[in-house]
Engineer: 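Structure below; questions to follow.
Within every chain, numbering begins at 1; the chains are lettered A, B, ... in the order of the sequence lines, protein sequences first and strands thereafter. Scope of the values below: all heavy atoms of this structure, side chains included, with no hydrogens, waters or symmetry mates.
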Amino acid sequence: MSVIWILELANEGARNLLRHKLRSLLSLLGIVIGVGAVIAMMAVGEGAQRKVLKDIGGLGLHNIILDSEEPSVANISPASDNSRQGAFQYGLIPRDVDQFRALLPSATVLVGHLVKQKIFYRSTRVDAPVLGVDPAYFKAFPVEILAGHLLAEVNNRDRHPVAVVTEEVARTIPAVGGVLGQIIQIGGNYFRVIGVIRMPSSKAGMVFLPYRTARNLFGILTIKDEAGKEEYTKNEIGRIVIHLEDDGVGIPEAAAVVDRILKKNHPMHDYEMTVPLAQLQVAQQTRKTFDLVLIVIAAISLVIGGIGIMNIMLAIVTERIPEIGIRRALGASQRDILLQFLSETVVLSTSGGILGCVLGVLAVPILSRLTEWPGVFTPSAIIVALVFSWLVGVIFGIAPAMQAAKMHPVDCLRYE
Amino acid sequence: MIKLIHVTKTYFLGDGVQALRNASLTIAPNDYVGILGPSGSGKSTLLYMMGLLDIPTEGTVIFEGRDTARLSDVELSALRGKSIGFVFQFYHLVPHLTVMENVELPLYYQGLDPWERHDRAKVQISKVNLSHRARHLPAELSGGERQRVAIARALVTDPRLILADEPTGNLDSRSGAEILAILEQLHTQGKTVVMITHDLSIARRFPRVIRISDGVLQEGSSG
Ligand SMILES: Nc1ncnc2c1ncn2[C@@H]1O[C@H](COP(=O)(O)OP(=O)(O)OP(=O)(O)O)[C@@H](O)[C@H]1O
Ligand SMILES: [Mg+2]
């Protein structure tokens, strides 16, 4: 079995198929579409997976993130009396923080002060959440400094009017020569931008102020002016991040503790709890399901493609009965005939696989645009597709090839 | 060379046809034999039997001292390829292969390299004066030319035995005479030649003629 011999078989198969281009192409349709769909879906699935993992990773897999949430009006029972001085209070409270610290001594509990004010750069409105944080806050997240520096201890202690912005925010500020050193206005106060960072947060990005600056300047009272009627809300703590070390208590256990405390302290459920690690596990489970669905689709389309190929090969064998007789008379054994037709099927199915890969690769940009997920090709996907289309050729080609090989030479010569 | 011993071939279709009945026959090396019989008498069946393409219902076929019933498909195929050259009434060229490729075909099954096949086929094609047609398809040739291609293909493996089934049946007398001349020449070169015909005038040219009717053989001289 030399290389030349294999090449000759493949060449002969290809020539025979090229004599009936349209017919060969039509017989390939099933396998082309099947392989194409699977390749495209795998690329998009992989892209979606990576995006999800990146988003979740940005939240910090060692973190439990708690955000205050203003309950909808329907949730507030008139009997509940947690309004002080006419202001409706909701959200996380210092008692939560104390209890977390007591029950999770190995964890770092970080507090963020959410500032509900509008941001302006000169006359340009910048739409992003503003959070007052301890400098330690940045240690809990994957942060990359793009320009300037992070908030320092001294900024917090002396309540400096400075801000660090994420790249998304920096991009929306139309300052010539970059935002570093520029002054932005938040709710009537002015802040100098001292750092630009890359940190996965919300889509709009985020503005960070020193915690004490934010708390001092903005307080905990928010006045909403809705249709002439002023509404006061009070939120003590906007965000709590519980950062756990590797060797400390596990995330699931900590999450259970946190959940228990919050349920007790917040019967109105005026908070939202995010456990990135749990989200990661959900994402991985989702991916497994997606892969399973993909395998089923692939299997179905390969079987359909294989039947299409087998069908055409049976027709080809019938068409070439006299030729089989001639070849047998000239010294071809049953095995030679078998290999001849089998190689033709394999050439057919493999070209189907290649065309399918091309189709899939071409379809990905379109799918990516529709789904807004990036398409990521894994070379292994293409190799697997080719191996499988090759296998389909062998499996579905064996029956027609056997039929050809088993034919009686004399019957073939007398045929017509 | 070949020995048929009490060979019977029965087709079990409908009432059942006995295409050969208890046929015994010996073909010696360098024999030049004509087989004469009317249509449907079993001539082709006999030829396929000698050419190891068919297996007898009863009886034994001995090819160069070996009982063919004991040979595997691969061994029988190799024997056909190496030792026997077939020429058929309807040429039996592969329609989508060129003259060159048709002539190369038996060498392919002997496992020869492409360039060696090409060289040998080229020589054989020039011997039947068709070098200028080597790249043509069979459909582009005349009947006589096609039969010469078929002869080139039968001879390219340098077989010891040539089996021809009415090779002139589809040709005009001039082309037919050409083919007969080639076969005669092969005989003088030492090959064993067996040719089927239903034409008495052609059969007369053979030193040994076997008559066949209704599957029964009858040895006889020409005339
Ligand atoms: N596959 C088959 N099934 C049934 N009968 C067959 C088959 N092949 C041949 N026969 C019969 O066997 C007999 C001999 O056929 P064969 O082809 O050997 O005749 P022949 O002498 O070569 O005829 P011709 O001169 O027309 O070629 C015929 O009666 C034919 O009908
Ligand atoms: Mg006949």
Side-chain angles (χ1 to χ4, degrees), chain A residues 1-21 23-24 315-344 347 401-416, chain B residues 9 11 13 19 44-49 51-55 71-98 101-117 137-138 150 153-154 156-157 159 163 165:
Chain A
M1 285 219 191
S2 67
V3 177
I4 296 175
W5 183 78
I6 290 171
L7 286 178
E8 283 204 86
L9 270 179
N11 176 46
E12 163 117 35
R15 268 182 59 185
N16 279 329
L17 295 168
L18 285 175
R19 281 191 292 122
H20 304 279
K21 291 188 190 66
R23 184 176 74 176
S24 303
I316 286 175
V317 167
T318 309
E319 194 177 277
R320 297 231 288 265
I321 287 175
E323 181 187 330
I324 296 169
I326 298 167
R327 286 176 182 266
R328 297 282 274 136
L330 300 180
S333 64
Q334 292 187 347
R335 187 171 148 273
D336 290 323
I337 300 295
L338 182 94
L339 285 174
Q340 183 196 336
F341 284 98
L342 202 54
S343 60
E344 200 163 320
V347 167
M402 289 265 270
Q403 193 193 324
K406 291 274 173 239
M407 274 177 192
H408 206 287
V410 171
D411 293 340
C412 295
L413 288 169
R414 287 186 194 273
Y415 190 80
E416 261 168 327
Chain B
K9 179 72 190 181
Y11 289 108
L13 263 179
S44 295
T45 305
L46 178 63
L47 190 95
Y48 292 143
M49 206 60 79
L52 315 182
L53 281 166
D54 211 346
I55 23 174
L71 297 178
S72 70
D73 172 66
V74 171
E75 289 168 317
L76 283 174
S77 301
L79 266 184
R80 276 199 300 271
K82 282 202 180 71
S83 312
I84 306 173
F86 289 94
V87 182
F88 300 99
Q89 178 179 0
F90 299 104
Y91 329 120
H92 280 344
L93 301 174
V94 180
H96 54 87
L97 297 182
T98 63
E101 287 163 336
N102 263 288
V103 177
E104 281 186 36
L105 207 50
L107 299 175
Y108 172 80
Y109 291 113
Q110 295 191 10
L112 264 63
D113 287 336
W115 40 90
E116 201 179 340
R117 295 203 307 254
L137 289 174
R153 186 180 64 184
V156 76
T157 57
L163 296 175
D165 191 349

Engineer: Just do the side chain to side chain contact (heavy atoms under 4.5 Å, CB included) check on B/Leu97 and A/Arg15 with the steps written out, would you?
Structural biologist: CA-CA 10 Å; B/Leu97 297 182; A/Arg15 268 182 59 185; 3.8 Å; yes

Engineer: Among all residues two or more places apart in sequence or in another chain, which pass the ring pair (Phe, Tyr, Trp, His ring centres under 6.0 Å) test with B/Phe86?
Structural biologist: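 B/Phe86: ring pair (Phe, Tyr, Trp, His ring centres under 6.0 Å) contacts with B/Phe88.
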
Engineer: Could you look at B/Thr45 and say if it's the side chain, the backbone, both or neither that has a heavy atom under 4.5 Å from chain A?
Structural biologist: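 Contact with chain A: backbone and side chain both.
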
Engineer: Contact part of B/Leu93 toward chain A, heavy-atom cut-off under 4.5 Å: side chain, backbone, both or neither?
Structural biologist: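 Backbone only.
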
Engineer: Could you check whether atom CE of A/Met407 has more than 12 heavy atoms from other residues, nucleotides or ligands sitting under 6.0 Å from it?
Structural biologist: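 Yes, the 6.0 Å shell around CE holds more than 12 heavy atoms from other groups.
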
Engineer: Quick check on B/Glu101 against chain A: is it the side chain, the backbone, both or neither that has a heavy atom closer than 4.5 Å?
Structural biologist: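 For B/Glu101, the contact with chain A is made by the side chain alone.
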
Engineer: Checking B/Tyr91 against chain A: side chain, backbone, both or neither under 4.5 Å from a heavy atom?
Structural biologist: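 For B/Tyr91, no heavy atom lies under 4.5 Å from chain A.
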
Engineer: Would you give the length of the straight line joining atom CD of A/Gln334 to atom OG of B/Ser72, rounded to the nearest 0.5 angstrom?
Structural biologist: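 Result: 9.5 Å between the selected atoms.
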
Engineer: Please report the closest heavy-atom contact between B/Ser44 and A/Arg414, naming both atoms and the distance.
Structural biologist: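 Looking at all heavy atoms of both residues, the closest pair is CB-NH2, 4.3 Å.
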
Engineer: Do you know which two heavy atoms are closest between A/Arg328 and B/Ser77, and how far apart they sit?
Structural biologist: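 Taking every non-hydrogen atom into account, NH1-OG, 3.4 Å.
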
Engineer: Can you name the nearest heavy-atom pair linking A/Ala329 to B/Leu53, along with the distance?
Structural biologist: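 Nearest heavy atoms, A/Ala329 then B/Leu53: CA-CD2, 3.8 Å.
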
Engineer: Which atoms of A/Asp411 come close to chain B, meaning under 4.5 Å heavy atom to heavy atom: side chain ones, backbone ones, both, or neither?
Structural biologist: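 No part of A/Asp411 comes within 4.5 Å of chain B.
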
Engineer: Check B/His96 against A/Arg320 and note the closest heavy-atom contact, atom names and distance.
Structural biologist: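 The pair with the smallest heavy-atom distance is NE2-CD, 4.1 Å.
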
Engineer: Please state whether the side chain, the backbone, both or neither of B/Phe90 comes within less than 4.5 Å of a heavy atom of chain A.
Structural biologist: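 Interface part for B/Phe90: neither.
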
Engineer: Under 4.5 Å from any heavy atom of chain B, what part of A/Arg19 do you find: side chain, backbone, both or neither?
Structural biologist: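 Side chain of A/Arg19 only, per the 4.5 Å heavy-atom cut-off to chain B.
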
Engineer: Can you tell me how far the OH atom of B/Tyr48 sits from the NE2 atom of A/His408, to the nearest 0.5 Å?
Structural biologist: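 Taking OH in B/Tyr48 and NE2 in A/His408, the distance rounds to 11.5 Å.
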
Engineer: Using 4.0 Å as the upper bound for N to carboxylate O, is an ion pair formed by B/Asp73 and A/Lys406?
Structural biologist: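 Result for this pair is no, no salt bridge flagged.
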
Engineer: Looking at chain B, which one of A/Ile4, A/Asp336, A/Leu413 has the largest number of heavy-atom pairs inside 4.5 Å, strictly under?
Structural biologist: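 Ranked by heavy-atom pairs under 4.5 Å with chain B, first place is A/Leu413.
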
Engineer: Begin with the C-alpha distance, continue with both residues' side-chain angles, and end with the deciding distance and a verdict on side chain to side chain contact (heavy atoms under 4.5 Å, CB included) for B/Arg153 and A/Ile326.
Structural biologist: CA-CA 11 Å; B/Arg153 186 180 64 184; A/Ile326 298 167; 3.5 Å; yes

